[in-house]
Amino acid sequence: MSIYDDDVFRMACDQFQVIADYLSINKNDRERLMYPKRAIAVTLPVHMDDGSTRTFQGYRVQHHLTLGPTKGGTRFAPSLSMGETAALAMWMSWKCALSNLPYGGAKGGVTVDPAKLSRTELERVSRRYMQEMIPFVGPHTDIMGPDMGTNEQVMAWFMDTYSVHQGYSVSEIVTGKPVAIGGTEGRREATGRGVVYLVERAMNMLKMDPEKCTAIVQGFGNVGSVAALSLAYKSGVKVIGISDAHAAIYNPKGIDIQAAEQHVFKKGTLRAFAQDNHVDPNELLTMPCDILVPAAVDRVINGKNAGQLKCRILAEAANGPTTPEADLILEKRWDEIFVIPDILCNAGGVIVSYFEWVQGLQSYLWTEMEVTDKLFRILEHSFAQVIKRAKAHKISHRTAAMAIGVERVLKAKKMRGLFP
Ligand code: NAD
């Protein structure tokens with residue numbers, strides 16, 4: 001389907017075909033499972049601060065409607081395309097199904113560099129995007145959340161715009177909102193916390209002592225910074241490498257992650273942090289460490305560098321960080337590198353978003369302890385299922401995780417039948 005023509009969409013389809021082969025899914029069911037149910041493209045004319053009007057492109061893709069409403073994040077990024085949005089929506093479908101959440105996958109966003117917008121421009125882009133999406137989303141249709149380039153404030157503007165249109169507050173239209181307007185305790189930390197919970201499970205399985213382990217984290221936004229803080233101060237792992245879009249820092253003696261976080265809070269980037277320890281960002285991923293956490297963009301582990309990774313655990317916090325070519329290499333290195341695949345590793349975000357949605361629908365608030373406890377139970381169950389399946393069938397962790405997700409969606413489609 002040409003509207004999705006894009007490298008990231010092709011990658012998501014290639015990954016799906018591997019699973020469909022493994023599950024012996026027939027051609028008719030493959031196409032029905034793979035292609036998104038709905039794709040919406042909108043044009044956003046926005047007043048800029050200098051008096052001009054700029055026109056932005058926005059997207060929303062709803063991958064399947066079989067298990068409930070669709071659910072997925074909103075990405076503001078300069079390279080965002082319909083194809084990338086569709087790939088991310090497809091991954092959300094398998095991720096939600098793996099965690100047994102009553103959702104189909106979705107994703108959306110705007111082709112824009114949010115760092116180049118003033119706060120007032122960002123607000124106008126955010127509100128206009130939600131305004132254009134109102135006919136296609138709803139608390140029982142499609143629920144948005146944050147992703148790269150968006151945050152709690154953007155979710156608050158989305159919620160306000162939708163609510164003003166309805167005439168009453170509809171907090172359950174988005175997740176990842178500030179707690180002050182109906183967000184849940186523990187959502188901001190959920191993805192990074194979930195990543196570290198699974199890293200600890202893997203360390204335990206592999207009999208690795210966290211106090212003797214080192215970690216490198218690529219990306220220092222919501223997911224990467226929480227993962228690095230949690231690794232350093234909760235698990236006792238020495239974090240020796242961090243990076244963002246502007247700088248990469250490596251220090252074998254360990255990095256002061258709290259100082260890095262405060263620096264980014266004040267300055268917005270790692271650019272001027274620990275300048276004596278800056279390294280080439282392209283080399284950071286292949287430096288020796290026990291735990292490697294890509295927590296930024298897709299396709300950073302590819303056919304060129306997968307053979308050079310020197311980690312024991314690869315915890316895929318980002319969506320789609322590993323290409324299918326890299327997977328073939330990592331499958332041969334299965335006894336050297338323990339992969340926690342993205343749809344398992346970063347599922348904490350959507351799991352706690354689900355909790356936020358449920359609390360919103362019931363107008364009933366949970367404590368942070370309740371949220372985190374329920375999050376870890378779901379992750380524990382998924383982790384155990386993936387490991388069991390991979391061992392029993394001698395398949396990679398990614399194949400096992402995706403197969404569980406795809407099978408659940410296929411089973412639900414078969415049970416519901418095809419109308420008319
Ligand atoms: P974010 O916008 O908060 O942070 C992204 C970080 O990555 C920033 O530090 C940015 O500077 C950095 N970055 C961008 N390009 C980079 C590059 N080429 N090299 C190194 N660093 C780079 O985004 P986030 O919410 O932390 O999301 C990060 C990843 O995690 C994305 O792949 C996203 O889809 C995925 N994810 C996020 C959530 C969530 O709850 N936020 C949930 C699941 C998955």
Side-chain angles (χ1 to χ4, degrees), residues 8 12 71-80 84-85 87-89 91-92 95-96 99 105-109 112-115 122 144-155 174-177 183-184 186-195 198 216-229 241-249 260-261 263-265 267-271 273 279-285 292-302 315-322 340-356 375 379:
V8 193
K71 177 84 193 81
T74 318
R75 181 172 285 197
F76 284 4
S79 58
L80 189 74
E84 182 183 349
T85 311
L88 289 160
W91 287 326
M92 276 303 288
K95 190 190 303 184
C96 291
S99 295
K107 209 78 181 190
V112 61
D113 183 351
L122 180 63
M144 294 186 185
D147 192 70
M148 262 177 65
T150 59
N151 55 21
E152 289 187 346
Q153 178 59 74
V154 172
M155 295 307 114
V174 291
T175 60
K177 308 173 286 289
T184 184
R187 172 60 186 88
R188 196 181 61 77
E189 301 84 358
T191 310
R193 244 181 215 165
V195 169
L198 294 166
I216 292 178
V217 182
Q218 182 195 47
F220 207 71
N222 172 288
V223 180
S225 67
V226 172
L229 283 163
I242 55 173
S243 71
D244 69 5
H246 308 281
I249 293 137
E261 193 209 17
H263 182 93
V264 171
F265 182 71
K267 311 261 177 192
T269 89
L270 287 169
R271 191 179 277 132
F273 181 73
V279 292
D280 179 349
N282 296 321
E283 285 172 16
L284 195 69
L285 293 178
L292 180 63
V293 186
V297 287
D298 51 79
R299 295 175 295 157
V300 291
I301 297 166
N302 46 48
E316 295 182 347
N319 282 311
T322 305
I340 310 176
D342 54 359
I343 64 165
L344 170 64
C345 193
N346 67 34
V350 71
I351 293 168
V352 176
S353 279
Y354 164 62
F355 297 159
E356 183 175 334
L375 163 67
L379 288 177

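Worth knowing before you read on, the calculation uses all heavy atoms, side chains too, and leaves out hydrogens, waters and symmetry mates. All ligand and atom numbering here is 1-based and tracks the order in the structure.
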Do N222 and P146 touch side chain to side chain, with heavy atoms closer than 4.5 Å? no
When only distance counts, is L88 in polar contact with ligand 1, meaning an N/O pair under 3.5 Å? no
Mind checking what makes salt bridge (Lys or Arg N to Asp or Glu O under 4.0 Å) contact with R193, not counting sequence neighbours? E368
Applying a 4.0 Å heavy-atom criterion (strictly less than), which segment of R187 is in contact with ligand 1: side chain, backbone, both, or neither? side chain
R75-ligand 1 polar pair, N/O distance under 3.5 Å: yes
4.0 Å heavy-atom contact, H246 with ligand 1: no
Please determine if A296 has a nitrogen or oxygen closer than 3.5 Å to a nitrogen or oxygen of ligand 1. yes
Of all the non-hydrogen atoms in the protein, which one sits nearest to atom 36 (N) of ligand 1, and at what distance? N319 ND2, 3.8 Å
Ligand 1 and G149, any nitrogen or oxygen pair closer than 3.5 angstrom? yes
Between the main-chain N or O of G145 and the side-chain N or O of T74, is there a donor-acceptor pair closer than 3.5 Å? yes
Minimum side-chain heavy-atom gap V223-N346 below 4.5 Å: no
Between M148 and V297, is there a side-chain heavy-atom distance shorter than 4.5 Å? yes
Is there at least one pair of N or O atoms, one from G224 and one from ligand 1, spaced under 3.5 Å apart? no
Give the contacting part of S225 toward ligand 1: side chain, backbone, both or neither, where contact means a heavy-atom distance below 4.0 Å. neither
Could you say whether the N/O atoms of D147 and ligand 1 ever approach to under 3.5 Å? yes
On a heavy-atom basis, I'd like to know which of T269, N346, N151, D298 is closest to atom 43 (C) of ligand 1. N346
Distance to 0.1 Å, residue and atom name: give those for the protein heavy atom nearest to atom 39 (C) of ligand 1. T191 OG1, 3.5 Å
Closest to atom 21 (N) of ligand 1 (heavy atoms only, candidates V195, D244, V297) is D244
For atom 11 (O) of ligand 1, which protein heavy atom lies nearest, and how many Å away is it? A245 N, 2.9 Å
Side chain or backbone, does N222 bring an N or O within less than 3.5 Å of an N or O on ligand 1? yes
How far is atom 28 (C) of ligand 1 from its nearest protein heavy atom, and which residue and atom is that? A295 O, 3.4 Å
N or O pair under 3.5 Å between P146 and ligand 1: no
Nearest-neighbour protein heavy atom for atom 9 (O) of ligand 1, which is reported as residue plus atom name and distance: F220 N, 3.0 Å
State which residues pass side chain to side chain contact (heavy atoms under 4.5 Å, CB included) with C96; sequence neighbours excluded, sorted by chain then number. M92, L101, Y103, V350
